[in-house]
**Q** 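Dropping a structure here in structure tokens format, bear with me for questions.
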Amino acid sequence: MSQSEIDELRRRLSEAEDTLQAIRQGDVDALVVEQHDAPQIFDIGGGADAYHAFMEVMNVGAAAIDPAGRILYANAKLTSVLGFTQNSVQGSMIGEVSPPPVADAIDRLLEPPLVGPVSAEVTFERNGECVHFILAANPLQLSTTFGVAVTFTDVTERVRAEAAEQSERAARAVIASANEAVLVCDTNGIITHTNAAAQALFEGDALGRTFAEAVPLVFPDATGLMRSEDIVAMAVQGTAVQGVEAHAPQAPKVKDYLVSAAPLQIGNDAISGCVVTMVDLSQRKAAEQQQLLLMRELDHRVKNTLALVLSISSRTLNHEDTLEGFQKAFTGRIQALAATHNLLAENSWTNLTIEDVVQSELAPFTSGAAGRLVTHNLSRLMAPRAAIAFGLVIHELATNAAKYGALSVPGGRVTVQPISAAGEERFVIEWRESGGPQISVPTRHGFGQTVITRSLQYSASGGAEVEFASEGLVCRISLPLEDLF
Amino acid sequence: MTQASNPKKLTLYVAGQTPKSLAAIANLKKITEEHMQGQYEIEVIDLRQNPKLAKEHSIVAIPTLVRELPVPIRKIIGDLSDVEKVLVNLKVQGE
């Protein structure tokens with residue numbers, strides 16, 4: 001045997017050994033067998049056709065892949081799910097041909113050791129819409145190859161249904177939590193949903209009744225032609241109605257509302273009804289009423305004050321001989337009026353105490369000298385009308401005392417206190433001067449005296465009388481009982 | 001015609017789309033692209049379609065890669081996943 005023949009035999013022996021070893025190690029999965037002088041191909045562990053056929057009848061997407069992630073087979077369902085053709089993916093790495101979220105999920109599923117079924121949920125975009133799948137991987141032996149079966153179950157519908165349900169729950173919660181009354185009607189104006197706040201609109205249950213019947217409305221600002229059903233009809237036809245004031249005469253609690261209605265359109269569907277919201281206007285109405293009352297009151301007071309100023313002006317003019325005298329007396333009286341007004345304004349035109357008015361009017365005459373004004377028990381409240389008149393009286397008394405009486409000399413003083421006994425039908429305040437010069441009854445009856453005696457006579461129980469006692473002037477002022485509290 | 005300008009031929013015998021056949025095709029493509037760009041001309045023969053072609057290189061196990069030239073002829077059996085083994089067998093010293 002030649003050397004070359006020996007080399008050839010060695011080569012063939014080595015090749016035969018390699019082949020046997022490869023078969024033993026499971027490196028091959030098909031063999032060529034001579035049958036009747038014709039070679040035939042035999043698959044080790046059965047052909048792929050059986051599992052291919054099995055995968056095709058599965059109603060979920062399925063792929064057989066090797067441990068490296070190479071697609072050995074993908075069924076038609078999966079190729080349509082992932083959008084590739086069957087021929088193009090066999091032999092490809094699944095991570096390279098799948099959408100990135102799917103590739104990531106498979107990478108995680110194939111992380112060794114892969115011992116049992118593992119699954120993951122994955123969401124990706126396909127043809128512009130979001131789809132959801134559950135991926136499951138399970139080890140699989142395919143002839144001599146260790147493989148993995150991966151299934152793709154489409155759960156898009158379920159996820160969407162859950163999302164829709166969640167969204168509907170949220171929408172219901174929003175309606176239920178709204179402070180305003182919210183009513184949902186169908187295209188025929190029949191109420192299908194109401195929230196808790198809407199219960200103030202009707203007695204009993206309104207579901208199934210028409211809006212017009214359950215909540216009859218009157219629109220004071222519109223012509224009498226507009227009614228509840230018109231609001232609903234407009235909204236259902238696509239025209240939103242915004243903020244119309246309405247009166248609900250049959251509503252058990254609140255009757256004044258601001259009504260809005262909007263078409264109800266879900267997604268791109270046709271209008272399926274309307275949503276009516278009704279805001280309680282009762283507080284706003286009450287505030288408007290209060291404001292109106294206050295304006296009328298202010299108007300009344302301004303007119304009264306102007307009349308009083310005119311009267312003071314003309315009377316002062318009649319009693320003063322000189323322009324300077326007029327100016328001084330007139331200014332003093334207007335300032336007295338202003339002092340009481342200031343007090344009232346500071347107290348928001350609520351009632352003042354007698355003490356407040358006395359202190360305010362005497363402040364310009366007694367400031368800086370302690371003990372010149374002594375007051376007792378003057379904490380009773382009086383109405384603004386009485387306060388203004390009483391203020392003028394005290395001003396005249398104080399002016400007179402400063403000119404001729406106790407406040408004209410050092411050491412003189414004025415005591416102001418109630419003198420009526422309990423149970424008496426009058427409330428009398430006494431103004432008593434002491435420590436001043438001797439006085440006598442004046443020969444001339446000035447306007448000051450008129451102010452003192454007449455200012456409080458607007459009431460039967462009001463008035464004042466002046467006594468010119470030689471040791472000092474005494475004035476007893478009777479305050480109107482109806483204006484005392 | 002010189003050897004350098006005439007690419008050496010590699011023949012890969014597969015059996016349809018068995019797992020090892022698919023893996024061998026993909027692995028061979030990757031190895032030639034990454035390590036021996038342009039040096040080899042590759043032919044893939046599907047013995048399931050034409051079993052008689054197994055005779056030419058006395059193929060017994062599938063997949064098998066055959067390097068015909070330069071002599072001596074070399075065969076690598078399996079899915080070619082061991083890149084080092086493939087390279088050692090194809091790049092004979094001095095070629």
Side-chain angles (χ1 to χ4, degrees), chain A residues 4 7-8 10-12 14-35 37-49 51-52 64-74 86-87 89-93 96 140-147, chain B residues 11-31 33-34 42 44-68 70-86 88-90 92:
Chain A
S4 64
D7 287 348
E8 175 60 15
R10 278 189 177 145
R11 191 189 61 76
R12 288 173 65 176
S14 161
E15 192 184 310
E17 280 176 343
D18 282 353
T19 305
L20 279 174
Q21 195 186 3
I23 294 169
R24 276 198 206 102
Q25 288 177 345
D27 289 341
V28 298
D29 55 8
L31 296 172
V32 181
V33 178
E34 292 283 339
Q35 273 190 335
D37 205 26
Q40 300 277 323
I41 306 300
F42 282 90
D43 291 297
I44 299 174
D49 293 349
Y51 86 84
H52 288 185
I65 58 179
D66 72 10
R70 181 172 292 107
I71 300 174
L72 303 174
Y73 189 75
Q86 209 159 350
N87 290 337
V89 294
Q90 261 176 326
S92 308
M93 303 301 283
E96 289 169 7
L140 174 74
Q141 189 69 35
L142 290 169
S143 80
T144 56
T145 302
F146 169 76
Chain B
T11 310
L12 178 64
Y13 291 91
V14 298
Q17 291 179 329
T18 66
K20 300 286 185 201
S21 297
L22 286 169
I25 294 167
N27 286 330
L28 179 60
K29 196 170 166 229
K30 195 167 177 235
I31 290 167
E33 274 173 7
E34 288 178 6
I42 294 168
V44 177
I45 295 177
D46 184 356
L47 293 179
R48 199 181 294 284
Q49 288 181 5
N50 199 347
K52 285 178 184 166
L53 296 180
K55 277 187 175 175
E56 186 183 347
H57 289 119
S58 307
I59 300 300
V60 176
I62 300 171
T64 294
L65 177 68
V66 177
R67 194 200 69 170
E68 215 167 344
V71 288
I73 188 166
R74 286 189 180 275
K75 288 184 183 172
I76 306 165
I77 303 168
D79 65 4
L80 312 178
S81 54
D82 187 341
V83 179
E84 287 305 315
K85 183 183 162 192
V86 175
V88 166
N89 276 285
L90 292 182
V92 178

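All chains are named by letter (A, B, ...) in the order of the sequence lines, taking the proteins before the strands, and each is independently numbered beginning at 1.
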**Q** Would you say K75(B)'s side chain and D18(A)'s backbone share a donor-acceptor pair under 3.5 angstrom?
**A**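 Looks like no, no N/O pair under 3.5 Å.
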**Q** Mark yes or no for whether Q90(A), through its side chain, and L72(A), through its backbone, hold a donor-acceptor pair below 3.5 Å.
**A**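 Confirmed, Q90(A) side chain pairs with L72(A) backbone.
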**Q** Counting heavy-atom pairs under 4.5 Å to chain A, which of A54(B), G16(B), P63(B), S21(B) comes out on top?
**A**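 Top count of heavy-atom pairs under 4.5 Å with chain A: P63(B).
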**Q** Counting only heavy atoms closer than 4.5 Å, note whether E34(A) contacts chain B via side chain, backbone, both or neither.
**A**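 Answer is side chain: those atoms of E34(A) sit under 4.5 Å from chain B.
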**Q** Looking at G91(A), A38(A), P39(A), G26(A), which one has more heavy-atom pairs under 4.5 Å with chain B than the rest?
**A**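 Among the listed options, the one with the most contacts to chain B is P39(A).
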**Q** Based on non-hydrogen pairs under 4.5 Å, which of I77(B), T64(B), V60(B), T18(B) is most in contact with chain A?
**A**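 Heavy-atom pair counts peak at V60(B).
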**Q** Take E8(A) and R11(A) through the salt bridge (Lys or Arg N to Asp or Glu O under 4.0 Å) test and state the conclusion after the steps.
**A** CA-CA 5 Å; E8(A) 175 60 15; R11(A) 191 189 61 76; 2.9 Å; yes
**Q** Would you say V44(B) and D46(B) make side-chain contact, with heavy atoms under 4.5 Å?
**A**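 No. Closest side-chain heavy atoms not under 4.5 Å.
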**Q** Tell me whether D66(A) contacts the main-chain N or O of P19(B) through its side chain, where contact means a donor paired with an acceptor under 3.5 Å.
**A**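 A pair under 3.5 Å: no.
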**Q** Please classify the contact between I71(A) and chain B as side chain, backbone, both or neither, with a heavy-atom cut-off of under 4.5 Å.
**A**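 Backbone only.
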**Q** Between the side chains of D43(A) and R48(B), is the shortest nitrogen-to-carboxylate-oxygen separation below 4.0 Å, so that they form an ion pair?
**A**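 Here R48(B) pairs with D43(A) in a salt bridge, since their nearest N and O are under 4.0 Å apart.
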**Q** What distance do I62(B) atom CD1 and I45(B) atom CD1 have between them, rounded to the nearest 0.5 Å?
**A**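 Output value for this atom pair is 11.0 Å.
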**Q** With a 4.5 angstrom heavy-atom cut-off, which part of A24(B) approaches chain A: side chain, backbone, both or neither?
**A**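 Neither the backbone nor the side chain of A24(B) comes within 4.5 Å of chain A.
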**Q** Could you tell me which of V32(A), D27(A), I65(A) has the largest number of non-hydrogen atom pairs under 4.5 Å with chain B?
**A**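 The residue among V32(A), D27(A), I65(A) with the greatest pair count is V32(A).
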**Q** Let's test your reading of the structure: which of D79(B), I76(B), I59(B) forms the most heavy-atom pairs below 4.5 Å with chain A?
**A**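 Of the candidates given, the most pairs with chain A belong to I59(B).
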**Q** Over 60° means perpendicular and under 30° means parallel, so classify the ring planes of Y73(A) and H52(A), tilted if in between.
**A**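 Rings of H52(A) and Y73(A): parallel, under 30°.
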**Q** Where on K29(B) is there a heavy atom nearer than 4.5 Å to chain A: the side chain, the backbone, both, or neither?
**A**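 Nothing of K29(B), per the 4.5 Å heavy-atom cut-off to chain A.
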**Q** Looking at A64(A), A30(A), G147(A), which one has more heavy-atom pairs under 4.5 Å with chain B than the rest?
**A**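 Of the options given, most contacts go to A30(A).
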**Q** With a 4.5 angstrom heavy-atom cut-off, which part of I25(B) approaches chain A: side chain, backbone, both or neither?
**A**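 I25(B) has no heavy atom closer than 4.5 Å to chain A.
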**Q** Pick whichever of I41(A), I23(A), V33(A) has the most heavy-atom pairs under 4.5 Å with chain B.
**A**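 Sorted descending by pairs with chain B, the first entry is I41(A).
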**Q** Is it the backbone or the side chain of A61(B) that comes under 4.5 Å from a heavy atom of chain A, or both, or neither?
**A**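 Answer is both: backbone and side chain atoms of A61(B) are under 4.5 Å from chain A.
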**Q** Does E15(A) offer a backbone N or O that forms a donor-acceptor pair with the side chain of T19(A) under 3.5 Å?
**A**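 Yes, the answer is positive, given that a donor and an acceptor are paired below the 3.5 Å cut-off.
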